[in-house]
Amino acid sequence: MLSLYNDLTRKKEKFYPIDKKKIRMYVCGVTVYDDCHIGHARSAVVFDVLRRLLEYLGYEVIFVKNFTDIDDKIIKKASQEGVKTEQIAERYIKSYDEDAESLSIKAPTYSPRATDMISQIVQMCKTLEDKGFAYSVDGDLFFDIKKFKSYGRLSGKNIVELEAGSRVEINKKKHHPLDFVLWKKSKSGEPKWQSPWGEGRPGWHIECSAMSTFLLGPTLDIHGGGEDLIFPHHENEIAQSEAATGKPFCRFWVHNGFVVTGGEKMSKSLKNFWTIKDILKLIPAEQLRYFLITTKYRSPLKFNWDDVKKAKRALDRLYGTLERIDEYQAKSGENCHLSINVENIVEKISDDLNTPAALGLLFDLSREANSLMEDGKFSKADKQCFDRIVKFCSDVLGILQMSPSTWFHNTINVPINSDQKAGMVSKEEEIETMIKKRNNARKEKNFKEADRIRKLLSDKGIILEDTATGTKWKSIN
RNA sequence: GGCGGCAUAGCCAAGUGGUAAGGCACGGGUCUGCAAAACCCUGAACCUCGGUUCGAAUCCGGGUGCCGCCUCCA
C-alpha cells in the first residue's frame, strides 16, 4: 500500500486513485531558457521514481510534464541573441531531453508546450471571465483572488497577512496585490496571439491548468513539483482550475525539497549551481541518479563533491556483489537463505518514497549474499530472489542497470541505460596487455616488476584485483 | 513582519514512544607474494533547557542555530 505525504492536508495519507487502475499525474516542467541544473535533476528523478513505482504496482499512469516555452526570460534571452523565442525554446527542450535520457528518466505520456495550447488557454481564460473570476484591464486579464474563497489553502497563507507584510509590488491595474495575470498584453516586438482581450500571451500559471484539464480532465490524482512552486504557482493553479471547472483540482500534492549547497538553495540567481551536463562530464549518470535518491525526496539534499564521490564507492559495493554472483556457481536448492525479498524493498519505497531506507536494505542484502557465497551456500533460490530485487532497482530506482563489467571498466560517460562501451577499447587493450605482463612476472616470482606494473596502473586510476579466476581491473574515480 | 521546515557519530543518511538501519572514512583480524575485494570483530551520534510518560531521538512548551516561501524559481 502506497502512502504519500500530501501537502494539501499536511500529513502522510494512503494513496488511492479515482479510477481503480488509472492514475492521472501532472508535474510542472521547466521553463526552457537555459540548461538544467541538479535541482531540476532531483525533481525529475523523484517523480520518475514515483511514476515507475506506480507502474510497478500495476497502475496505468498518464503522466504529463509540460514545457514552459514562452515567458519573460525566454523573450529576454531571444532578444539578447537576436533570435526568435522558438529557437531558444527548441534548444533547451533538446537539452532537457538529453539530460532526461542520460538520467534514465522515462518520457512522459505527454510533454505539452504552452504555445501549442494557446486555444485551450484562451478558452479557460474566457470561462473564468464569464464566470466572474477574472477582470480585464487595458489588454491584461487578471484572476480575482477575492472571488475564490479558499485561496491560500495549499500554502497555508492568509491573504490579509500576506498583504500586510508582503513584498509584492504594487500593480495599479490589480484590484488586489495578489491577483495574478491570466493573459498578458504583449509589448511591441514580443510574441503574441489573438485573444478576446487583444494581442497577447498567456500568464505563467494558466498553462498548467489548461494543459492538465485538457489532457487529464478536471481532477488529478497527483500533482508534483519543487517546493518553491507551492506558492504562488500551485495556489494559483488550484484557484484557476477549480473556479473554471467547479471541481476539485487535485487530490495529492507532492513536492520535492531543494538541492542545497553551502547551506543555501541552489539557484540560478545565486550562481551556485552545477548543470547536469557539467556533472555528467565528471561522473557516470547512474552515480548521480543514486546520489539523488540517497536523501528522502522532501528533505534538503546537500550537494558536495565529497559525498558524490562516496556514492560511487557505495555503488561499487553493490556492483561487486552482482559481479560475484555472476561468476559464482550457485548451488542447486530451493532453500532461500536471504532474509530480504523484493517485497521488503517495495514496502520501504511505498512508504512515502523512502528510498534511503530501501537502499539500506540493499546493502544488508549485499552482505548476506557475499557471506553466503563465502561459505559456498548461495543457492539458486537465493539467486532468483536477488535477481528480482536487482530488476526492481533497475526498473523503479534506475540503478544497477548495467553489467558489472561495464560499471567497473568504463565508469565515465556511459549512457546509464546502455551496455555499450564508449571509446575505451584501445585503453582496455592496453590495460589487458599490462595485466598479462604483470602475471608473467608473478609466475616468475618477480614481484618487484609485478608491483611496479600495479603501481603504474593505479596511478592512472586502475585498480587490480587478483582473484581465483584471474586478475580483474576496475577504474576508480 | 507573516507562514513553514530542519538540527542523529568524522562526513552523508534512515528511524518519529520501548532502549539508535545503512553507506563512506577509521581501527583490529581472516584471506593474499604484497594488495584489492569480501567476510568477522570493534569503537563512535540523537542542538539545549523544561514538561508529559513506567519509558522520548521520537509527543508538548521555551531557547539557540540554520534554511525555505511570501518576487522568477525544481
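Letters A, B, ... are given to chains in the order of the sequence lines, protein chains preceding strands, and every chain is numbered from 1.
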Using a heavy-atom cut-off of 4.0 Å across all strands, would you classify [X] as base, sugar-phosphate, or nothing?
X: A/G320; value: nothing
X: A/F363; value: sugar-phosphate
X: A/V259; value: base
X: A/G257; value: base
X: A/H37; value: base
X: A/L229; value: sugar-phosphate
X: A/D375; value: nothing
X: A/R313; value: sugar-phosphate
X: A/K268; value: nothing
X: A/M373; value: nothing

Next on the checklist: Can you see if the side chain of A/K265 gets near the phosphate of B/rC69 - specifically, an N or O under 4.0 Å from OP1 or OP2?
Outcome noted: yes
Item to check | Phosphate OP1/OP2 of B/rC39: any A/N370 side-chain N/O under 4.0 Å | outcome: yes
Integer-rounded Å distance: [N] [atom2] and [X] [atom1]:
X: A/F67; N: B/rA74; atom1: CZ; atom2: P; result: 12 Å
X: A/R317; N: B/rG23; atom1: CZ; atom2: C1'; result: 9 Å
X: A/K474; N: B/rA38; atom1: NZ; atom2: C1'; result: 10 Å
X: A/E465; N: B/rC39; atom1: CD; atom2: P; result: 13 Å
X: A/R42; N: B/rA13; atom1: CZ; atom2: C1'; result: 12 Å
X: A/L361; N: B/rG23; atom1: CG; atom2: P; result: 11 Å
X: A/L318; N: B/rG22; atom1: CG; atom2: C1'; result: 11 Å
X: A/I325; N: B/rA38; atom1: CD1; atom2: P; result: 13 Å

Does a salt bridge link [X] with [Y], judged by any charged N lying under 4.0 Å from a carboxylate O?
X: A/D99; Y: A/K277; answer: yes
X: A/E465; Y: A/K474; answer: yes
X: A/R289; Y: A/E286; answer: no
X: A/E90; Y: A/R113; answer: yes
X: A/R91; Y: A/D35; answer: no
X: A/D71; Y: A/K184; answer: no

Checklist outcome for this item: Checking A/Y96, A/Y33, A/Y110 against A/F67 for ring-ring contact (aromatic ring centres under 6.0 Å, His included), the one that qualifies is A/Y96
Next on the checklist: Which residue in the set A/R201, A/K187, A/K173, A/K185 passes salt bridge (Lys or Arg N to Asp or Glu O under 4.0 Å) when paired with A/D140?
Outcome noted: A/K173
Is there, by distance only and without an angle test, a donor paired with an acceptor across the side chain of [X] and the base of [N] below 3.5 Å?
X: A/K157; N: B/rC69; answer: yes
X: A/D228; N: B/rG68; answer: no
X: A/R438; N: B/rG33; answer: yes
X: A/R454; N: B/rA35; answer: yes

Checklist entry - Short question: side chain of A/S209, backbone of A/E237 - any donor-acceptor pair under 3.5 Å? => result yes
Next on the checklist: Tell me every residue that passes salt bridge (Lys or Arg N to Asp or Glu O under 4.0 Å) with A/E347, counting only those two or more places apart in sequence or in another chain.
Outcome noted: none
Could you measure between the two [atom1] atoms, the one in [N] and the one in [M], and give it in whole Å?
N: B/rC11; M: B/rC60; atom1: P; value: 28 Å
N: B/rU8; M: B/rG65; atom1: C1'; value: 16 Å
N: B/rC46; M: B/rU19; atom1: C1'; value: 13 Å
N: B/rG4; M: B/rG55; atom1: P; value: 31 Å
N: B/rC24; M: B/rG2; atom1: P; value: 46 Å
N: B/rG51; M: B/rA56; atom1: C1'; value: 12 Å
N: B/rU42; M: B/rA21; atom1: P; value: 13 Å
N: B/rA20; M: B/rA13; atom1: C1'; value: 13 Å

According to the Watson-Crick and G-U wobble definitions, with both distances under 3.5 Å, which nucleotide is paired to [N]?
N: B/rU30; result: B/rA38
N: B/rG1; result: B/rC70
N: B/rC11; result: B/rG23
N: B/rC59; result: B/rG51
N: B/rA45; result: none
N: B/rG65; result: B/rC6

Checklist entry - In terms of the nearest nucleotide of RNA chain B, which residue is placed more toward the 5' end: A/V260 or A/F47? => result A/V260
Checklist outcome for this item: Of A/K73 and A/Y290, the one whose nearest nucleotide on RNA chain B sits closer to the 5' end is A/Y290
Could you list the protein-to-nucleotides 9-12 of chain B atom pairs, N/O on both sides, closer than 3.5 Å?
from   : atom 1 : to     : atom 2 : distance (Å)
B/rC11 : O2'    : A/D307 : OD1    : 3.4
B/rC11 : O2     : A/K310 : NZ     : 3.2
B/rC12 : OP1    : A/K302 : NZ     : 3.4
B/rC12 : O4'    : A/D307 : OD1    : 3.4

Which nucleotide in the set [options] lies at the smallest distance from any side-chain heavy atom of [X]?
X: A/P356; options: B/rG68, B/rA13, B/rC40; result: B/rA13
X: A/F231; options: B/rA37, B/rG68, B/rC70; result: B/rC70
X: A/E374; options: B/rA38, B/rA14, B/rG68; result: B/rA38
X: A/M266; options: B/rA74, B/rC39, B/rA14; result: B/rA74

Checklist entry - Would you call A/E430 and A/K460 a side-chain contact if the rule is heavy atoms closer than 4.5 Å? => result yes
For the aromatic rings, using the six-membered ring if either is Trp, is the centroid distance between [X] and [Y] under 6.0 Å?
X: A/F15; Y: A/F252; value: yes
X: A/H234; Y: A/H205; value: no
X: A/F142; Y: A/F180; value: no

Dump the pairs, protein N or O against N or O of nucleotides 26-32 of chain B, anything under 3.5 Å, distances to one decimal.
none

